[in-house]
Amino acid sequence: MGEVSNEKKKELFTLLLKTRRLEEKLIELMTTGEVAGWFHSNLGQEAVGVGVTAYLEPEDYINNTHRGRAIIIGKRVPLKRFMAEALGRKNGPCEGISGEMHYFDLKYGILGQSGTLGGQIPVAVGVALACQYRKSDQVVICIFGDGTVDEGNFHESLNIASLWKLPIVFVVENNGWAQFTPQKATASQVDIWRKAEGYNMLGKVVDGTDILEVYEVAREAIARARKGDGPTLIECKVRRWEGHYIGDPQKYRDPKDIEEARRVDPLSKFQKRLMDEKILTLESMNELDESVKREIEEAIQFAKSSPVASREQAFQNVYV
Amino acid sequence: MGEVSNEKKKELFTLLLKTRRLEEKLIELMTTGEVAGWFHSNLGQEAVGVGVTAYLEPEDYINNTHRGRAIIIGKRVPLKRFMAEALGRKNGPCEGISGEMHYFDLKYGILGQSGTLGGQIPVAVGVALACQYRKSDQVVICIFGDGTVDEGNFHESLNIASLWKLPIVFVVENNGWAQFTPQKATASQVDIWRKAEGYNMLGKVVDGTDILEVYEVAREAIARARKGDGPTLIECKVRRWEGHYIGDPQKYRDPKDIEEARRVDPLSKFQKRLMDEKILTLESMNELDESVKREIEEAIQFAKSSPVASREQAFQNVYV
Amino acid sequence: MKEITYVKAINEALREELARDDSVIVMGEDVGISGGSFNATKGLFEAFGSKRIIDTPISESAIAGIAVGAAISGLRPVAEIMFMDFTALAMDSIVNSAAKMRYMSAGQCKAPVVFRTLGGGGVSAGPGHSQSLESWFCHVPGLKVVYPSTPYDVKGLLKSSIRDDNPIIFIEHKFLRAKGEIPEEEYTLPLGQADVKREGSDVTVVTWGQLFFKVATSAEKLAREGINIEIIDLRTLIPLDMKTIESSVKKTGKLVIAHEAVKISGFGAEIAASVVEHLFDYLDAPIRRIGAAFTPIPWGTVVENAVLPQEADIISAVKDIVRSRQAKN
Amino acid sequence: MKEITYVKAINEALREELARDDSVIVMGEDVGISGGSFNATKGLFEAFGSKRIIDTPISESAIAGIAVGAAISGLRPVAEIMFMDFTALAMDSIVNSAAKMRYMSAGQCKAPVVFRTLGGGGVSAGPGHSQSLESWFCHVPGLKVVYPSTPYDVKGLLKSSIRDDNPIIFIEHKFLRAKGEIPEEEYTLPLGQADVKREGSDVTVVTWGQLFFKVATSAEKLAREGINIEIIDLRTLIPLDMKTIESSVKKTGKLVIAHEAVKISGFGAEIAASVVEHLFDYLDAPIRRIGAAFTPIPWGTVVENAVLPQEADIISAVKDIVRSRQAKN
Ligand SMILES: Cc1ncc(C[n+]2csc(CCOP(=O)(O)OP(=O)(O)O)c2C)c(N)n1
Ligand SMILES: Cc1ncc(C[n+]2csc(CCOP(=O)(O)OP(=O)(O)O)c2C)c(N)n1
Ligand SMILES: [Mg+2]
Ligand SMILES: [Mg+2]
């Protein structure tokens, strides 16, 4: 593993912490009904989204997913901006008509998602094609879950991305579940990275709860992609702490599995490490936590004081 | 390689010869306009279709393809029956409304095809599911070209077939072309059998112009499938003698490639072998050829003397 | 009679048909172990086992195609495509395989598969989980299209759909907790038969699916103003029950068609066009259609409500049509 | 003016737009090295190179989705889905991605992609290569739908479609060798504008795409019997040019809509329903629709002709409508 500077580690930690606190807050808002629709928590999986985006350039792209807050934080979207959208406010980047699940924010390179799993994969490949065509030096990360791998769009897109040596990195967040069904009930091959050879592509697998591991593999893959050496398929093994969505009673799941999953915490793991390495102290940790919480609170206040998306907006932007 | 009896070899040869002669005749009929639509020749590729079907049981299934005559012969469809359909006659199994390209003949286990490449793959898997469900001991062969491998349906279906250990064998007829575009321009991985591991499936590759090789690998795969050990992906490398369809001027293709392809003849290769092994003599060969040609001629006469599909038939069987 | 929810009615229909006929299988994402995304298949895995209640990967095209293959080989698969929006991924299997298998084989096989799918909006599910796309399927010869509104209808029609020998798009709506009465004993309802849910003499309102409920409450309000609408709940779109529409239109002379799908090129157009073709001389007012605005369906209550048809739209269309004729007469 | 074929007109439009704007790329199966399945892209690979004329694998869903991704990042892809039947495999990319990208992002991006595809039957191509599915796309807010009949229209409209900032379904028909005159110099035609291809006072016939040719020959025959139809060739279905239809219907009072697609739930229904809604009092006869029978399209000339609309159907519908009113008056 290459050397990651202490500064970078601290930055990664801040992003990870911010993701965690934001998620906790969103769950609260969800439960009180202030966020509409379904909410899919990324608790326990944050290290993947943060690790793969943390050192992307601002111009680089990544698609959103239904568990996408880690990538939004990693892409340095200001919390106020994100929160306004999540609460359906006019000053979100989608003017409040799309919310967090379909969060689309081109200014920060976030490509959104249509809502049909797998549909975002060829779209991301197309963005990479445009980057290559314009020799823009940009890179695209295409991220999705293990269940989404079984969609035809995965197959069609990986073949093309590899064939054309596009500047794209495929990241699979393998949490072993798709909704309420375990991976072993739906996947013939549970080691997803092994599919890479079928596309003559480099395949990698990492512990997705170790942010440095994720970061390191992503860094290499991004560099390869940027150099024109083509895509990599990175499988990140993670654990899902919550149900599929907040409110899911998880009757289908062995309580032991939940317990075990929750014991694997990417945040406290990284925290311990940084404290061991004396990069963080309990004091600086607490300070950081306070400031993150404050930032989130401010974002919520900002969002709540902003106007709700209006009827008229529903009729705009259907056609150019 | 296991032992193939002389009787079986002779039978294989007869089927191969019949396929060749039928194809030659169909091309003639196509050129004179007696067969409508597009016609995609299987010249040079016959050993695959014959080899994989030759020792299927009558109750076993295989889907049709646009180059599908070898499998129709291999499944022992009476020529009269086939020819009636190919010429659009009422006494074809589809009563003349589907023709050779969409030839569907359940009595002989031939599943037809919708015309959209890849669409036949999940359908074949579903037939295998029914066989497994009923413990019927039947096996399904699902056959398609190298270009079709790039369809999402391939991916979704292979995953499921492997996961459920269905009694099915996937056969890829890799002729290096999809219409007018060479495989290397569209496939990141030209060795298709290497995709098998991505589905935790057994992958095999054979010289598809050597009928005994094809037959042997298919035999094993069929036996595995029938035993409940799940599917195999068999890649058969072949050469396409003609253009994509009869009439294709092949301007996109190096004439040398055509020449080279035509030098690899599964029929004469097998014929030479059987003559070397004294299973065939020049005399018995000629006799066989004559009787095959006679059978084809009779089939054509039968078809031509049969009534053409009538207007009324077009309105039948939309609903049960 | 007993009162049950819409989703429970679906569950009962599946359970009864699974018990009745062992060629019936249920397949789809999360239909098995977990009992389904919305409990429609609750308890079936335990009762009928993994061979008959089959969890699939997230592979809509293959789910649909596999169901077709199983159907032509003697099974009766009920394949769930979780949301109607996702049928976009399965169109080839549905349109080019399921719908044409029997035809292309000249009757050698049939494809008795039921594609269950959840349509409609109104729950802040956003543009990819809220569409009503029934008109696509109504344009495909070989398919039947069913979209019941009430628990009574959904149970009876799902049972009949499973027994029917044709491929069927069976649309369920998101008002899954809607309650209604159904008989204790077993029953089925015939496909292709509309139901006059309310008799009236002033205006015929043809509707189906989720929007039926808004039409029903609109009717109450209109009645208070002396306007009596006749509500025809189509239940089955293909085959279309023109007879029931015909006799109502002959009586009222006025027709409103209300569906939740986008109005343009929706199935309401087909009904309007058919009525004009065959009942032109009975109409004494223009036919009015109500449907969603020509936009995707945004997330969030305010914007979503702005786009989807509401009670007020139904009421004003009915009043318009009544008034416009009064003015003329 | 010069006479060229329909397919040559497509080729010229692509070539001119590729030369004019280097953000235009062409992608699809066999569009590159070989010049296309039907020569539409002939010579483009040689002229513009492999970065702009891109051969793809047989992956319709990805082709369409990749085109969308490229479009939101500043390119103007022209993506070919070889046959319209195969759009069934690309519906998610077209409907859930292309059509909604701009809306869902509240205008942060646009998706200027043209999906070229070959529709229609009449060449013994069988049920999987002959369908006319335009009404599916007309039901999807965010898409424009174009289906030109003549070389002149196809060239001018394809050029405008490539320049348009919206996702467009651009349907070409199989009468690829149809000849027609076009100007020597460059020209474009506006989307959303129907063309009155023949003036007449007795009956308005609205049509589009391949069937236009049969309507045109029917008109000659009808004229010989003293019936003068006005032919409106829509060219663009969405947005629909209701103005042109309106002024014609106000003049003739009689409307026939003729398309090759299956009649039930076809786009003709939308036109009929709209006309009834807005022009009810101008109509003096029921609207007649002509479309394919409600069956898949069989292979083989006799059966295919039985199913697809023919000249005789058009002529008899027009006569019917004229006669029925004469009888009344
Ligand atoms: C095409 C499609 N099918 C089904 C769904 C419903 N759905 C939403 S999330 C989900 C599970 C996804 O699993 P995975 O890709 O592993 O991501 P995870 O939720 O585990 O992060 C499903 C089935 C969908 N949104 N789109
Ligand atoms: C979904 C779909 N896309 C495209 C086509 C048009 N098409 C017919 S045959 C063919 C090439 C198929 O290549 P391959 O699978 O290698 O089979 P081969 O013709 O070489 O035997 C194509 C692109 C089709 N029929 N269906
Ligand atoms: Mg998962
Ligand atoms: Mg090939």
Side-chain angles (χ1 to χ4, degrees), chain A residues 61 63 85 90 92-99 102-107 110-134 136 138 140 142 151-161 163-164 166 309 313-320, chain D residues 22-23 25 27 50-52 54-77 79 89-113 140-144 164-167 191-192 238-239:
Chain A
Y61 293 102
N63 64 288
E85 188 59 44
K90 271 190 185 170
C94 308
E95 301 178 3
I97 68 157
S98 278
H102 300 291
Y103 191 81
F104 189 115
D105 197 347
L106 221 43
K107 188 173 168 196
I110 293 171
L111 293 172
Q113 61 145 348
S114 75
T116 34
L117 296 170
Q120 71 276 37
I121 308 179
V123 173
V125 170
V127 174
L129 174 65
C131 297
Q132 184 190 62
Y133 184 80
R134 298 204 173 286
S136 72
Q138 287 160 294
V140 181
C142 180
E151 286 284 3
N153 272 319
F154 168 89
H155 173 72
E156 297 186 0
S157 302
L158 265 73
N159 177 43
I160 293 176
L163 179 74
W164 296 346
L166 294 180
Q313 280 168 261
F315 303 98
Q316 286 157 15
N317 297 308
V318 182
Y319 291 94
V320 178
Chain D
D22 77 0
S23 65
I25 60 169
M27 54 188 288
S50 65
K51 286 283 158 211
R52 301 190 60 199
I54 308 174
D55 275 317
T56 67
I58 310 176
S59 306
E60 285 76 9
S61 184
I63 292 169
I66 289 171
V68 176
I72 64 169
S73 338
L75 301 190
R76 293 187 168 274
L89 288 161
M91 288 305 275
D92 181 59
S93 294
I94 297 172
V95 171
N96 291 323
S97 291
K100 299 190 179 116
M101 275 276 172
R102 181 176 179 76
Y103 185 82
M104 291 175 72
S105 70
Q108 291 176 69
C109 70
K110 53 189 187 188
V113 44
V140 179
L143 298 179
K144 292 187 177 179
D164 195 278
D165 278 339
N166 297 286
L191 299 183
I238 301 287

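Order of the sequence lines sets the chain letters (A, B, ...), proteins ahead of strands, with each chain counted from 1.
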Hey, can you pull the donor-acceptor pairs under 3.5 Å for the side chains in residues 117-132 of chain A, sequence neighbours left out?
from	atom 1	to	atom 2	distance (Å)
Gln120(A)	OE1	Gly118(A)	N	2.8
Gln132(A)	NE2	Trp164(A)	O	2.9
Gln132(A)	NE2	Lys165(A)	O	3.3

*Is the backbone of Ser23(D) close enough, under 3.5 Å, to the side chain of Arg134(A) for a donor and an acceptor to pair up by distance?*
no
Non-hydrogen atoms of chain A under 4.5 Å away: do they reach the side chain of [X], the backbone, both or neither?
X	value
Asp92(D)	side chain
Lys100(D)	neither
Leu89(D)	neither

In terms of heavy-atom pairs under 4.5 Å, which option from [options] contacts chain A the most?
options	value
Ser93(D), Ala99(D), Gly142(D)	Gly142(D)
Arg102(D), Lys51(D), Met27(D)	Arg102(D)
Leu75(D), Val68(D), Asp165(D)	Leu75(D)

Reported [atom1]-to-[atom2] distance for the pair [X] and [Y], which is rounded to 0.5 angstrom:
X	Y	atom1	atom2	answer
Leu143(D)	Tyr319(A)	CG	OH	6.0 Å
Glu156(A)	Ile66(D)	CD	CD1	8.5 Å
Tyr103(D)	Gln313(A)	OH	CD	9.5 Å
Ser61(D)	His155(A)	OG	NE2	11.5 Å
Leu111(A)	Gln108(D)	CG	CD	10.5 Å
Ser59(D)	Asn153(A)	OG	CG	9.5 Å

*asked:* Checking side-chain polar atoms at under 3.5 Å, does Arg52(D) have a donor or acceptor matched by the opposite partner on Tyr133(A)?
replied: yes
*Answer yes or no: are there more than 12 heavy-atom neighbours, outside Lys110(D) itself, under 6.0 Å from its atom NZ?*
no
*With side-chain contact (heavy atoms from CB on, under 4.5 Å) as the test, would you mind laying out the steps for Val320(A) and Asp164(D) before giving the verdict?*
CA-CA 9 Å; Val320(A) 178; Asp164(D) 195 278; over 6 Å; no
Contact origin within [X] toward chain D - heavy atom pairs under 4.5 Å:
X	answer
Leu106(A)	both
Ala314(A)	both
Glu95(A)	both

*Applying ring pair (Phe, Tyr, Trp, His ring centres under 6.0 Å), name anything that partners Tyr103(A), two or more places apart in sequence or on another chain.*
Phe82(A)
*asked:* Could you report the tightest heavy-atom contact between Ser114(A) and Asn96(D), atom names first, then the distance?
replied: CB-O, 3.2 Å
